[in-house]
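By convention in this document, chain letters (A, B, ...) are assigned in the order of the sequence lines, proteins followed by strands, and residues within each chain are numbered from 1.
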2 protein chains.
Amino acid sequence: MDIQLKRGLLDVCVLAAIKDSDSYGYKIIKDMKPYIALSESTLYTILKRLELAQMLTVRTAEHGGRLRKYYRITDRGLQRIADFQNEWNEMLSIYRFVTKEDAGNE
Amino acid sequence: MDIQLKRGLLDVCVLAAIKDSDSYGYKIIKDMKPYIALSESTLYTILKRLELAQMLTVRTAEHGGRLRKYYRITDRGLQRIADFQNEWNEMLSIYRFVTKEDAGNE
DNA sequence: ACGCAATACATCGTAACACGAAGTATACGG
DNA sequence: CCGTATACTTCGTGTTACGATGTATTGCGT
(Lines give C-alpha, C1' and ligand atoms only; values in the text may rest on other atoms or scores of the structure.)
Protein backbone atom coordinates (compact mmCIF):
# COMPACT_ATOMS: atom_id res chain seq x y z
CA MET A 1 0.00 0.00 0.00
CA ASP A 2 1.17 3.48 -0.87
CA ILE A 3 3.22 5.02 1.91
CA GLN A 4 1.43 8.36 1.70
CA LEU A 5 -1.90 6.68 2.11
CA LYS A 6 -0.65 4.83 5.17
CA ARG A 7 0.34 7.99 6.98
CA GLY A 8 -3.09 8.95 8.09
CA LEU A 9 -4.05 5.42 8.96
CA LEU A 10 -1.16 4.22 11.09
CA ASP A 11 -1.89 6.17 14.26
CA VAL A 12 -5.49 5.09 14.36
CA CYS A 13 -4.60 1.50 13.55
CA VAL A 14 -2.18 1.32 16.46
CA LEU A 15 -4.87 2.69 18.73
CA ALA A 16 -7.29 0.12 17.37
CA ALA A 17 -4.76 -2.62 18.05
CA ILE A 18 -4.67 -1.82 21.75
CA LYS A 19 -8.31 -0.83 22.07
CA ASP A 20 -9.72 -4.10 23.35
CA SER A 21 -6.84 -5.05 25.63
CA ASP A 22 -3.41 -3.77 26.56
CA SER A 23 -0.67 -4.82 24.21
CA TYR A 24 3.03 -4.36 23.56
CA GLY A 25 5.19 -3.47 20.59
CA TYR A 26 5.95 -6.80 19.07
CA LYS A 27 2.38 -8.02 19.38
CA ILE A 28 0.94 -4.84 17.91
CA ILE A 29 3.03 -5.30 14.79
CA LYS A 30 1.86 -8.88 14.43
CA ASP A 31 -1.78 -8.01 14.96
CA MET A 32 -1.66 -5.20 12.42
CA LYS A 33 0.31 -7.10 9.80
CA PRO A 34 -2.66 -8.62 7.95
CA TYR A 35 -4.15 -5.16 7.52
CA ILE A 36 -1.20 -2.81 7.37
CA ALA A 37 2.49 -3.58 7.74
CA LEU A 38 4.91 -1.34 9.59
CA SER A 39 8.48 -1.59 10.80
CA GLU A 40 9.58 -1.57 14.40
CA SER A 41 11.21 1.83 14.19
CA THR A 42 7.96 3.23 12.84
CA LEU A 43 5.88 1.61 15.55
CA TYR A 44 7.94 2.85 18.44
CA THR A 45 7.94 6.33 16.99
CA ILE A 46 4.18 6.21 16.76
CA LEU A 47 3.80 4.87 20.28
CA LYS A 48 5.92 7.69 21.64
CA ARG A 49 3.88 10.20 19.68
CA LEU A 50 0.60 8.79 20.91
CA GLU A 51 1.86 8.78 24.48
CA LEU A 52 2.85 12.42 24.13
CA ALA A 53 -0.64 13.17 22.82
CA GLN A 54 -2.04 11.33 25.84
CA MET A 55 -3.91 8.85 23.69
CA LEU A 56 -2.33 5.95 25.53
CA THR A 57 -0.46 5.21 28.74
CA VAL A 58 2.58 3.02 29.20
CA ARG A 59 3.35 0.54 31.93
CA THR A 60 6.45 -1.57 32.19
CA ALA A 61 5.97 -5.12 33.40
CA GLU A 62 8.09 -8.21 33.57
CA HIS A 63 7.17 -11.11 31.36
CA GLY A 64 9.28 -14.27 31.38
CA GLY A 65 12.19 -12.52 33.03
CA ARG A 66 12.16 -9.78 30.43
CA LEU A 67 10.75 -6.29 30.53
CA ARG A 68 7.85 -5.43 28.33
CA LYS A 69 6.11 -2.12 27.78
CA TYR A 70 2.37 -2.47 27.84
CA TYR A 71 0.26 0.18 26.21
CA ARG A 72 -3.28 1.04 27.26
CA ILE A 73 -5.63 3.27 25.34
CA THR A 74 -7.06 6.38 27.05
CA ASP A 75 -10.35 8.20 26.60
CA ARG A 76 -8.57 10.59 24.32
CA GLY A 77 -7.38 7.66 22.26
CA LEU A 78 -10.88 6.29 22.02
CA GLN A 79 -12.03 9.72 20.94
CA ARG A 80 -9.41 9.69 18.21
CA ILE A 81 -10.92 6.50 16.84
CA ALA A 82 -14.37 8.05 16.96
CA ASP A 83 -13.07 11.12 15.11
CA PHE A 84 -11.66 8.84 12.47
CA GLN A 85 -15.12 7.64 11.61
CA ASN A 86 -16.05 11.21 10.72
CA GLU A 87 -12.91 11.60 8.68
CA TRP A 88 -13.86 8.43 6.89
CA ASN A 89 -17.02 10.07 5.67
CA GLU A 90 -14.98 12.93 4.26
CA MET A 91 -12.76 10.41 2.56
CA LEU A 92 -15.79 8.70 1.10
CA SER A 93 -16.87 11.96 -0.49
CA ILE A 94 -13.36 12.39 -1.88
CA TYR A 95 -13.41 8.84 -3.16
CA ARG A 96 -16.61 9.59 -5.04
CA PHE A 97 -15.04 12.76 -6.48
CA VAL A 98 -12.07 10.78 -7.74
CA THR A 99 -13.95 7.87 -9.21
CA LYS A 100 -17.03 9.57 -10.56
CA GLU A 101 -17.57 9.04 -14.25
CA ASP A 102 -17.84 11.97 -16.57
CA ALA A 103 -21.50 12.86 -17.03
CA GLY A 104 -22.75 11.40 -20.29
CA ASN A 105 -19.83 9.07 -20.52
CA GLU A 106 -21.87 5.92 -20.25
CA MET B 1 -9.32 17.03 7.56
CA ASP B 2 -6.16 15.61 9.07
CA ILE B 3 -3.09 16.53 7.06
CA GLN B 4 -1.64 13.02 7.19
CA LEU B 5 -4.83 11.58 5.82
CA LYS B 6 -4.75 14.08 2.98
CA ARG B 7 -1.30 13.07 1.82
CA GLY B 8 -2.34 9.94 0.04
CA LEU B 9 -5.41 11.58 -1.48
CA LEU B 10 -4.05 14.80 -2.93
CA ASP B 11 -2.22 13.41 -5.96
CA VAL B 12 -5.18 11.37 -7.08
CA CYS B 13 -7.57 14.24 -6.46
CA VAL B 14 -5.53 16.56 -8.66
CA LEU B 15 -5.55 13.93 -11.39
CA ALA B 16 -9.29 13.56 -10.98
CA ALA B 17 -9.69 17.33 -11.30
CA ILE B 18 -8.11 17.34 -14.75
CA LYS B 19 -9.48 13.99 -15.85
CA ASP B 20 -12.49 15.15 -17.81
CA SER B 21 -10.93 18.23 -19.39
CA ASP B 22 -7.67 20.15 -19.29
CA SER B 23 -7.42 22.60 -16.44
CA TYR B 24 -5.00 25.04 -14.83
CA GLY B 25 -3.75 25.72 -11.32
CA TYR B 26 -6.21 28.24 -10.03
CA LYS B 27 -9.20 26.35 -11.38
CA ILE B 28 -8.00 23.03 -9.98
CA ILE B 29 -7.87 24.52 -6.51
CA LYS B 30 -11.38 25.88 -6.86
CA ASP B 31 -12.77 22.62 -8.20
CA MET B 32 -11.20 20.61 -5.41
CA LYS B 33 -12.10 23.00 -2.61
CA PRO B 34 -15.50 21.47 -1.77
CA TYR B 35 -13.87 18.08 -1.34
CA ILE B 36 -10.34 18.80 -0.17
CA ALA B 37 -8.66 22.16 0.31
CA LEU B 38 -5.05 22.79 -0.61
CA SER B 39 -2.78 25.81 -0.87
CA GLU B 40 -1.19 27.10 -4.05
CA SER B 41 2.32 26.11 -3.02
CA THR B 42 1.08 22.60 -2.41
CA LEU B 43 -0.73 22.37 -5.72
CA TYR B 44 2.16 23.51 -7.85
CA THR B 45 4.46 21.13 -6.05
CA ILE B 46 2.07 18.30 -6.80
CA LEU B 47 1.69 19.31 -10.44
CA LYS B 48 5.44 19.29 -10.88
CA ARG B 49 5.64 15.89 -9.24
CA LEU B 50 2.90 14.46 -11.42
CA GLU B 51 4.54 15.86 -14.53
CA LEU B 52 7.82 14.24 -13.53
CA ALA B 53 5.97 10.97 -13.07
CA GLN B 54 4.48 11.46 -16.54
CA MET B 55 0.96 11.35 -15.22
CA LEU B 56 0.15 14.64 -16.91
CA THR B 57 1.48 16.94 -19.61
CA VAL B 58 1.76 20.72 -19.53
CA ARG B 59 1.00 23.23 -22.21
CA THR B 60 1.31 27.00 -21.89
CA ALA B 61 -1.39 29.04 -23.57
CA GLU B 62 -2.43 32.65 -23.54
CA HIS B 63 -5.75 33.51 -22.00
CA GLY B 64 -6.92 37.12 -21.80
CA GLY B 65 -3.43 38.47 -22.41
CA ARG B 66 -2.01 36.34 -19.63
CA LEU B 67 -0.17 33.04 -19.72
CA ARG B 68 -1.78 29.99 -18.30
CA LYS B 69 -0.41 26.49 -17.85
CA TYR B 70 -2.90 23.88 -18.88
CA TYR B 71 -2.55 20.38 -17.55
CA ARG B 72 -3.75 17.28 -19.37
CA ILE B 73 -3.91 13.82 -17.88
CA THR B 74 -1.98 10.97 -19.54
CA ASP B 75 -2.69 7.25 -19.72
CA ARG B 76 -0.37 6.79 -16.81
CA GLY B 77 -2.39 9.30 -14.85
CA LEU B 78 -5.60 7.48 -15.67
CA GLN B 79 -3.94 4.27 -14.53
CA ARG B 80 -3.06 5.95 -11.23
CA ILE B 81 -6.74 6.67 -10.68
CA ALA B 82 -7.60 3.07 -11.50
CA ASP B 83 -4.96 1.87 -9.02
CA PHE B 84 -6.49 4.07 -6.39
CA GLN B 85 -9.68 2.07 -6.56
CA ASN B 86 -7.74 -1.01 -5.50
CA GLU B 87 -6.06 0.91 -2.72
CA TRP B 88 -9.48 1.99 -1.59
CA ASN B 89 -10.42 -1.62 -1.00
CA GLU B 90 -7.36 -2.04 1.21
CA MET B 91 -8.38 1.06 3.10
CA LEU B 92 -11.85 -0.34 3.55
CA SER B 93 -10.41 -3.42 5.20
CA ILE B 94 -8.32 -1.18 7.47
CA TYR B 95 -11.38 0.89 8.26
CA ARG B 96 -13.19 -2.24 9.38
CA PHE B 97 -10.21 -3.24 11.51
CA VAL B 98 -10.24 0.14 13.22
CA THR B 99 -13.96 0.40 13.81
CA LYS B 100 -14.84 -3.20 14.55
CA GLU B 101 -16.49 -3.70 17.89
CA ASP B 102 -15.00 -6.05 20.41
CA ALA B 103 -16.63 -9.47 20.03
CA GLY B 104 -19.34 -9.89 22.62
CA ASN B 105 -19.45 -6.20 23.28
CA GLU B 106 -22.98 -5.73 22.00
C1' DA C 1 27.74 -26.12 26.03
C1' DC C 2 27.07 -23.43 21.97
C1' DG C 3 24.87 -21.18 18.30
C1' DC C 4 20.98 -19.13 16.30
C1' DA C 5 16.38 -17.52 15.71
C1' DA C 6 12.77 -15.09 17.90
C1' DT C 7 11.51 -11.64 21.05
C1' DA C 8 11.75 -6.74 22.52
C1' DC C 9 12.97 -2.08 22.48
C1' DA C 10 15.89 2.10 21.05
C1' DT C 11 18.48 5.55 18.16
C1' DC C 12 20.00 7.91 14.03
C1' DG C 13 19.99 9.79 9.50
C1' DT C 14 17.33 10.38 5.37
C1' DA C 15 13.91 11.51 2.04
C1' DA C 16 9.18 12.77 0.94
C1' DC C 17 5.87 15.99 1.48
C1' DA C 18 2.18 19.84 2.82
C1' DC C 19 2.24 24.32 4.14
C1' DG C 20 2.78 29.33 5.22
C1' DA C 21 5.12 33.32 3.80
C1' DA C 22 6.57 36.10 0.44
C1' DG C 23 7.31 37.57 -4.19
C1' DT C 24 6.10 38.73 -9.19
C1' DA C 25 2.82 40.15 -12.56
C1' DT C 26 -1.53 41.16 -15.00
C1' DA C 27 -6.71 42.11 -15.44
C1' DC C 28 -10.62 44.47 -13.91
C1' DG C 29 -14.15 46.94 -11.25
C1' DG C 30 -15.23 51.07 -8.58
C1' DC D 1 -5.66 54.70 -9.07
C1' DC D 2 -6.32 51.43 -5.78
C1' DG D 3 -7.90 47.00 -4.14
C1' DT D 4 -9.16 42.36 -5.33
C1' DA D 5 -8.98 38.36 -8.11
C1' DT D 6 -6.23 35.76 -11.08
C1' DA D 7 -1.91 33.05 -11.83
C1' DC D 8 2.36 31.07 -10.98
C1' DT D 9 6.98 30.59 -8.26
C1' DT D 10 10.44 29.96 -4.59
C1' DC D 11 12.11 29.09 0.07
C1' DG D 12 12.27 27.36 4.66
C1' DT D 13 10.18 24.42 8.08
C1' DG D 14 7.99 20.72 10.62
C1' DT D 15 6.09 16.11 10.47
C1' DT D 16 6.80 11.61 9.52
C1' DA D 17 7.83 6.48 7.79
C1' DC D 18 11.65 3.84 7.08
C1' DG D 19 16.09 1.26 6.77
C1' DA D 20 20.15 0.43 9.25
C1' DT D 21 22.09 -0.58 13.33
C1' DG D 22 22.61 -1.63 18.16
C1' DT D 23 21.52 -3.93 22.66
C1' DA D 24 19.84 -7.69 25.38
C1' DT D 25 17.33 -11.82 26.74
C1' DT D 26 14.79 -16.29 26.04
C1' DG D 27 14.43 -20.76 24.22
C1' DC D 28 15.25 -24.44 21.09
C1' DG D 29 18.07 -27.71 18.57
C1' DT D 30 22.20 -30.45 18.44
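The nearest heavy atom of DNA chain C to A/Y70 and to B/L10 marks one nucleotide each, and the one closer to the 5' end goes with A/Y70. Map A/D11 and A/E40 each onto its nearest nucleotide of DNA chain D; the residue landing nearer the 5' end is A/D11.
Phosphate proximity of D/dT9 to B/Y44: absent, as no side-chain N or O sits under 4.0 Å from OP1 or OP2. Look at B/K30 and you won't find any side-chain N or O under 4.0 angstrom from OP1 or OP2 of D/dA5. The side chain of B/K6 places an N or O atom within less than 4.0 Å of a non-bridging phosphate oxygen (OP1 or OP2) of C/dC19. Taking side-chain N and O atoms only, A/R49 has a distance below 4.0 Å to OP1 or OP2 of D/dA17. The phosphate of C/dC17 has neither OP1 nor OP2 within less than 4.0 Å of any side-chain N or O from B/T45. A sub-4.0 Å separation between OP1 or OP2 of C/dA8 and a side-chain N or O of A/R68 is present. For A/Q4 and C/dC17, the shortest distance from a side-chain N or O to OP1 or OP2 is below 4.0 Å. Distances shorter than 4.0 Å separate none of the side-chain N or O atoms of A/Y26 from OP1 or OP2 on C/dA6.
Atom P of nucleotide C/dC19 and atom CG of B/L47 are separated by 14 Å, given to the nearest angstrom. Between B/R7 atom CZ and D/dA17 atom C1' there is a gap of 10 Å when expressed in whole angstrom units. Put simply, CZ on A/R66 is 8 Å from C1' on D/dA24, counting in whole angstrom units. In this structure, the CG atom of B/L43 is 11 Å from the C1' atom of D/dA7, given to the nearest Å. One can place CG of A/D2 at 19 Å from P of C/dA15, the figure rounded to the nearest angstrom. Between A/L67 atom CG and D/dA24 atom P there is a gap of 13 Å when expressed in whole angstrom units. Note: CD1 (B/I28) to P (D/dC8) measures 8 Å, nearest angstrom. In this structure, the CG atom of A/D31 is 13 Å from the P atom of C/dT7, given to the nearest Å.
A/K48 comes within contact range of the sugar-phosphate backbone alone, with a heavy-atom separation under 4.0 Å but no base atom that close.
Heavy-atom neighbours of A/N86 CG from other residues, nucleotides or ligands within 6.0 Å: above the threshold of 12. With a 6.0 Å radius and a threshold of 12 heavy atoms from other residues, nucleotides or ligands, A/R59 has its CZ atom above the threshold. Residue-environment remark: CG (A/D75) stays at or below the threshold of 12 foreign heavy atoms within 6.0 Å.
Side chains of B/Y71 and B/E51 form no contact here, defined as non-hydrogen atoms less than 4.5 Å apart.
A donor N or O paired with an acceptor N or O is found under 3.5 Å between the base of C/dG20 and the side-chain atoms of B/S41.
Considering only the side chain of B/S39, C/dC19 comes nearest among C/dC17, D/dG19, C/dC19. Nearest nucleotide to the B/K69 side chain, out of C/dA8, D/dC8, D/dA7: D/dC8.
Under a 3.5 Å cut-off, the side chain of A/S23 and the backbone N or O of A/I18 do not form any donor-acceptor pair.
Contact check on A/R49 versus A/D11 returns a salt bridge, with a Lys/Arg side-chain nitrogen under 4.0 Å from an Asp/Glu carboxylate oxygen.
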